[in-house]
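Note sheet for the following structure.
This is a predicted model, so every value here is computed, not measured. All ligand and atom numbering here is 1-based and tracks the order in the structure.
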Amino acid sequence: MGKKTTASANKSKEKRQARKVEQRRIADGMSYVNSANKLQDLSSFCKELLVYKGNDLEVDMYIQRASQLEKPILEWAIDLTERNMKKLYETCAWGWNKERKVEEMTDDLAWYLIAKDKNGTPLAFSHFRFDMDFGEPVLYCYEVQVEAGGRRRGLGQRVLRVLEKLAQSTRMRFVRLTALTHNAGAAAFFRACGYSLDETSPALEDAAHYEILSKATVPEDGNDALSDSMKAVNVNPAQS
Ligand SMILES: CC(C)(COP(=O)(O)OP(=O)(O)OC[C@H]1O[C@@H](n2cnc3c(N)ncnc32)[C@H](O)[C@@H]1OP(=O)(O)O)[C@@H](O)C(=O)NCCC(=O)NCCS
């Protein structure tokens with residue numbers, strides 16, 4: 001055992017610092033997720049986006065936790081998901097298991113964006129969650145479902161814009177989602193809305209029947225979770 005050289009001491013210091021930044025980044029991410037999940041009113045972050053008028057549609061949206069949804073709305077959301085997705089699930093390894101889907105959709109952590117037309121008829125919804133995913137705070141979009149009669153009028157895109165604004169306001173680093181590769185309409189939709197293959201998506205050679213797509217959040221104040229973590233442990237990003 002010899003004495004450490006200055007170079008190797010510096011290397012160890014860098015490694016320790018990198019570990020600290022990583023730990024801090026994850027701790028910060030978890031605290032953003034916990035804070036987002038404790039919020040009472042998400043609508044205040046995106047009020048201006050919750051009214052959608054265009055292409056012969058007049059839509060009002062609201063956001064609630066699964067536990068706050070009126071029973072008929074929850075039942076409609078489950079029914080729409082079944083109408084839109086059952087066949088697609090049945091034609092891949094997942095299969096359709098209604099019980100499991102209902103369990104997922106009624107989870108305590110599930111949030112809902114509900115869109116209704118001016119007569120109060122529900123037209124679209126998204127089930128989303130704030131969660132840690134591969135060590136990062138993300139807004140995970142579990143579903144975006146639009147009634148057949150309301151499609152190709154920009155409503156799906158508006159729903160995603162609301163999620164993106166919520167992700168920005170709550171410091172989630174991405175809006176991330178899982179899409180079936182044989183759902184061609186959805187693939188075209190997500191790409192048209194600026195989503196691309198996420199680094200956590202299974203490798204092509206794994207021939208998975210799904211892919212992970214995401215869109216990075218533009219930080220509201222120019223600072224992202226990573227640079228905050230660096231500041232917190234006194235690391236100058238320019239030097240690291
Ligand atoms: C996918 C879905 C959510 C899109 O909603 P939508 O309200 O019709 O989408 P928008 O009108 O906002 O579309 C925005 C753009 O996405 C693209 N797009 C949307 N649907 C598309 C489709 N079926 N085929 C090709 N491109 C499509 C287009 O570029 C469109 O712009 P354009 O109409 O000006 O050409 C809707 O078709 C749906 O609910 N499908 C069944 C459920 C589903 O597959 N959900 C996604 C997986 S959870």
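The nearest protein heavy atom to atom 34 (O) of ligand 1 is not closer than 4.0 Å. Inside a 4.0 Å radius of atom 44 (O) of ligand 1 there is at least one protein heavy atom.
On a distance-only criterion, Glu143 and ligand 1 share no N/O pair closer than 3.5 Å. For the pair Asn183 and ligand 1, the shortest N or O to N or O distance falls below 3.5 Å. The shortest N/O to N/O separation between Leu88 and ligand 1 does not fall below 3.5 Å.
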| query | Taking it one step at a time, do Glu147 and Arg83 satisfy salt bridge (charged side-chain N to carboxylate O under 4.0 Å, His left out)? | reply | CA-CA 9 Å; Glu147 285 283 1; Arg83 280 185 278 128; 2.9 Å; yes
| task | Just do the side chain to side chain donor-acceptor pair (under 3.5 Å) check on Lys165 and Ser169 with the steps written out, would you? | result | CA-CA 6 Å; Lys165 180 70 176 72; Ser169 303; 3.2 Å; yes
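Taking every non-hydrogen atom of Gln157 and a distance limit under 4.0 Å, the qualifying atoms of ligand 1 come out as 12 (O), 14 (C). Close contacts of ligand 1 with Ala192, meaning ligand atoms under 4.0 Å from a residue heavy atom, involve 15 (C), 16 (O), 17 (C), 29 (O). Close approach of ligand 1 to Ala186 is summarised as follows: ligand atoms under 4.0 Å from at least one heavy atom of the residue are 44 (O), 46 (C). Every atom of ligand 1 with a heavy atom of Gly185 under 4.0 Å away is listed here by number and element: 21 (C), 22 (C), 23 (N), 24 (N). Distances below 4.0 Å separate heavy atoms of Ala188 from the following atoms of ligand 1: 25 (C), 26 (N). Proximity to Leu155 (heavy-atom distance under 4.0 Å) selects the following atoms of ligand 1: 7 (O), 12 (O).
The proximity of Val146 to ligand 1, defined as any non-hydrogen pair under 4.0 Å, involves the side chain as well as the backbone. Contact annotation: for Arg153 versus ligand 1, heavy atoms closer than 4.0 Å belong to the backbone alone.
Protein heavy atom in closest approach to atom 18 (N) of ligand 1: Phe189 CA, 3.7 Å. Of all protein heavy atoms, the one lying nearest to atom 32 (P) of ligand 1 is Arg152 NH2, 3.8 Å. In this structure, atom 37 (O) of ligand 1 lies nearest to the protein heavy atom Arg151 CD, 3.2 Å. Nearest non-hydrogen protein atom to atom 7 (O) of ligand 1 is Gly156 N, 2.8 Å. The shortest contact between atom 42 (C) of ligand 1 and any protein heavy atom is with Gln145 OE1, 3.0 Å. Here the heavy atom of the protein found nearest to atom 46 (C) of ligand 1 is Val144 O, 3.5 Å.
Heavy-atom distances between Gly154 and ligand 1 reach below 4.0 Å in at least one pair.
Between Glu199 and Arg176 no salt bridge is recorded (no basic side-chain N to carboxylate O distance below 4.0 Å). Between Glu75 and Lys71 there is a salt bridge, since a side-chain N of the basic residue sits under 4.0 Å from a carboxylate O of the acidic one.
Looking only at distances, a side-chain donor or acceptor of Lys215 sits under 3.5 Å from a matching main-chain atom of Cys193.
Between atom CG of residue Asp117 and atom CG of residue Asp56 there is a gap of 12.0 Å, rounded to the nearest 0.5 Å. For the atom pair Met172 CE and Phe128 CZ, the distance stands at 11.0 Å (nearest 0.5 Å). Atom CD in Glu103 sits 14.0 Å away from atom NZ in Lys98 (nearest 0.5 Å).
Cation-pi geometry between Arg129 and Tyr142 is satisfied (NZ or CZ under 6.0 Å from the ring centre, within 45° of the ring normal).
Between the side chains of His127 and Trp111, no donor-acceptor pair of N or O atoms lies under 3.5 Å. A side-chain donor-acceptor contact under 3.5 Å links Asp198 and Thr200.
Inter-residue side-chain proximity for Leu49 and Arg158 is flagged as met; some heavy-atom pair is nearer than 4.5 Å.
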